[in-house]
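Worksheet: one structure, shown below.
Here is the naming used below: chain letters follow the sequence lines, and residue numbers restart at 1 for every chain. Side-chain atoms are counted along with the backbone in the values below, which use heavy atoms only and exclude waters and symmetry mates.
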2 protein chains.
Amino acid sequence: MYDFSHAVSPATPPSIAPYPAGVGGEDAVAGPVTVYNAGAEIYAEGDRSGALYRLVYGVVRVYRLLADGRRQICAFHRAGEIFGFEAGAERHFFADAVNPVGLRVLRPGGEVETSRELLNLALNSLERAHDHLLTVGRNDAMGRVAAFLLEMGADRDGEALREIDLPMSRADIGDYLGLTIETVSRVLTRLKSARVIRLASTRHLEILRRDVLEDMTA
Amino acid sequence: MYDFSHAVSPATPPSIAPYPAGVGGEDAVAGPVTVYNAGAEIYAEGDRSGALYRLVYGVVRVYRLLADGRRQICAFHRAGEIFGFEAGAERHFFADAVNPVGLRVLRPGGEVETSRELLNLALNSLERAHDHLLTVGRNDAMGRVAAFLLEMGADRDGEALREIDLPMSRADIGDYLGLTIETVSRVLTRLKSARVIRLASTRHLEILRRDVLEDMTA
DNA sequence: CGACTACTTGAAAAGAGTCAATTCACGTGG
DNA sequence: CCACGTGAATTGACTCTTTTCAAGTAGTCG
């Protein structure tokens, strides 16, 4: 089930930088941009899978929900990224908008080239999943938050950013890293006290000592 | 980019069984089986990627090594499984034989069908990675070990097995689950005391109460 | 039989979680 | 424009789990 009721009709398709070019390349016949409000669901577990999405702006969280309400966020996606890969005919994940989001639905044809590019995209997703597993599996709370900040503190080309906007809540960060919100908060406070970061406000920070963060990630 | 440049052209498009079907089906003109001793390296970080492997028998561990010696095992592969997917031209992982292993090297051609099947295989790997992330991210020690036992206590069709052989060490299990060997050992002892499992020997056990294990996984 | 490695067990310490109380930030309405 | 209410974030005190460090035991291979 796909609820578009909250989706506003696309304003103007913002032009975006070329990158994982290919499927739904920018210059190609780009479909309309669908817009979602913060918190709006993009797809849910049980939905029929198949469609892929290219994020034009905003941040999307992809997650699983457990019977007891616990949540594991698998990934945060940002502008330019493509998400929505699924192994089966049905979705096993939920995806929704962290903040206002605009995206394009990609409708892959059956061409050779497309299939290859899909493979590359899937392999990139796989790599990210493994990186994330490493973060969660082999780091203490400090290391996980450090890894998260470094991830958010780099643009898509890996270029380091000094200022970071965190559109997601502490709860989102906790569910991404396998920590409680209290622990996330305490770690950020410690990093602030140690002058590794500067917290301009709760959702906006500056990295003062990137090297220290990198050392924590191990 | 997925580099097929070194891939040899496929002999005969193998007929494929339904499921993670595919590339290098058993009955097709299968290449020679390469044999590895326990502990032998199949590939290493930095090796050129591209080749895929189909495991004929034995268990393979795929892992990452950190600068300080910590290790994160991403997956254990068993007979029938295909592994070796990588996003770049170079491998980011190590793979070696847990016990004596036999495998076939798969050489994908560039055909449409092949590329599609590769995509399916990659998506299955992705799904497994996400399952593993969930295990490690949202479970305590008991839950992780329970999930591990259920994983090892099922054959490739998901059929439940009562008796389990664990070819891997406690250290392997710990590095797979993000736990220390002591914790793994203690949890197994607790499960034994609670008569959830029976430990015939350190590497061989029997699941007495599968339902209890399932409840722990949440 | 002896040496080596894997595994188990125990006690103490560290880390993260839980519960609870504030504090903060922001949007709403007076 | 300010007061208030709501949800988010922080902080504190305490508990519980897991790690760490240290023996000790069991298996295995020569």
Check your understanding: Could you go step by step and tell me if A:Y57 and A:N99 meet the side-chain contact (heavy atoms from CB on, under 4.5 Å) rule?
Key -> CA-CA 9 Å; A:Y57 63 84; A:N99 55 3; over 6 Å; no
Review point. Is the closest basic N to carboxylate O distance between B:R91 and B:E45 below 4.0 Å?
Key: no
Revision key, fill the gap. Atom CG of A:L179 and atom C1' of C:dG15 are separated, to the nearest Å, by 11 Å
Check your understanding: Can you check the A:M142 CE to C:dA14 P distance for me, whole Å?
Key -> 16 Å
Practice item. Would you mind reading off the distance between B:E182 atom CD and C:dA13 atom P, rounded to a whole angstrom? Key: 17 Å
Check your understanding: Is B:R64 salt-bridged to A:D131, going by a charged N under 4.0 Å from an acidic O?
Key -> yes
Practice item. Mind checking side-chain hydrogen bond (donor to acceptor under 3.5 Å, both in side chains) for A:R210 and listing every partner two or more places apart, or none if nothing turns up? Key: none
Check your understanding: Hey, mind stepping through B:F76 and B:Y176 against ring pair (Phe, Tyr, Trp, His ring centres under 6.0 Å) and telling me if it holds?
Key -> CA-CA 8 Å; B:F76 290 114; B:Y176 182 61; 4.8 Å; yes
Check your understanding: Hey, are A:R128 and A:E81 close enough for a salt bridge, meaning a charged N less than 4.0 Å from a carboxylate O?
Key -> yes
Check your understanding: Side chains of B:L177 and B:N139: closer than 4.5 Å at any heavy-atom pair?
Key -> no
Check your understanding: For the helix from C:dC1-D:dG30 to C:dG30-D:dC1, what is the angle between the axes at its two ends, each from 5 pairs, rounded to 10°?
Key -> 30°
Revision key, fill the gap. Quick note, B:A141 side chain, CB onward, closest among D:dT18, C:dA16, C:dT18 is D:dT18
Exercise for review: Let me know the distance between CD1 of A:I181 and P of C:dT18, rounded to the nearest Å.
Suggested key: 11 Å
Practice item. Mind calculating the distance between CG (A:D140) and P (D:dT17) to the nearest angstrom? Key: 20 Å
Check your understanding: Do A:R61 and A:D175 meet the salt-bridge criterion of a basic N to acidic O distance under 4.0 Å?
Key -> no
Practice item. Flag the pair B:E151 and B:R78 as a salt bridge only when some basic side-chain nitrogen lies within less than 4.0 angstrom of an acidic carboxylate oxygen. Key: no
Study note, to complete from the structure: Scoring nucleotides 23-30 of chain D by protein non-hydrogen atoms under 4.0 Å (B base, S sugar-phosphate only, - none) yields --------
Exercise for review: Tell me whether the OP1 or OP2 atom of D:dT19 has a side-chain N or O from B:T183 closer than 4.0 Å.
Suggested key: yes
Exercise for review: Just call it for A:R144: base, sugar-phosphate, or nothing, with non-hydrogen atoms closer than 4.0 Å on any strand.
Suggested key: nothing
Revision key, fill the gap. Closest non-hydrogen contact found for A:P167 with A:V98 is O-CG1, 3.5 Å
Study note, to complete from the structure: In whole angstroms, the gap separating C1' of C:dA25 from CG of A:L199 amounts to 14 Å
Check your understanding: Centroid-to-centroid, A:Y53 to A:H77, below 6.0 Å?
Key -> no
Check your understanding: Taking CG from B:N139 and P from D:dT18, how many angstroms apart are they, rounded to a whole number?
Key -> 11 Å
Check your understanding: Taking C-beta and beyond as the side chain, do A:V196 and A:L208 meet within less than 4.5 Å on heavy atoms?
Key -> no
**Study point:** Sorted by number, the residues of residues 165-175 of chain B with heavy-atom contact under 4.0 Å to DNA chain C
**Key:** B:S169, B:R170
Check your understanding: Does any residue of residues 184-198 of chain B have a heavy atom under 4.0 Å from DNA chain C, and if so, which ones, in number order?
Key -> B:S185, B:R186, B:T189
**Study point:** Closest contact, heavy atoms only, B:M216 versus B:A146
**Key:** CB-CB, 3.9 Å
Short heteroatom pairs, N/O only, protein and nucleotides 3-5 of chain C, under 3.5 Å:
none

Check your understanding: Are more than 12 heavy atoms from other residues, nucleotides or ligands located less than 6.0 Å from atom CZ of A:R203?
Key -> yes
Point to revise | Near-ring test B:F93/B:Y63, centroid separation under 6.0 angstrom | key: no
**Study point:** Main-chain N/O of B:C74 paired with B:H132 side-chain donor or acceptor, under 3.5 Å
**Key:** yes
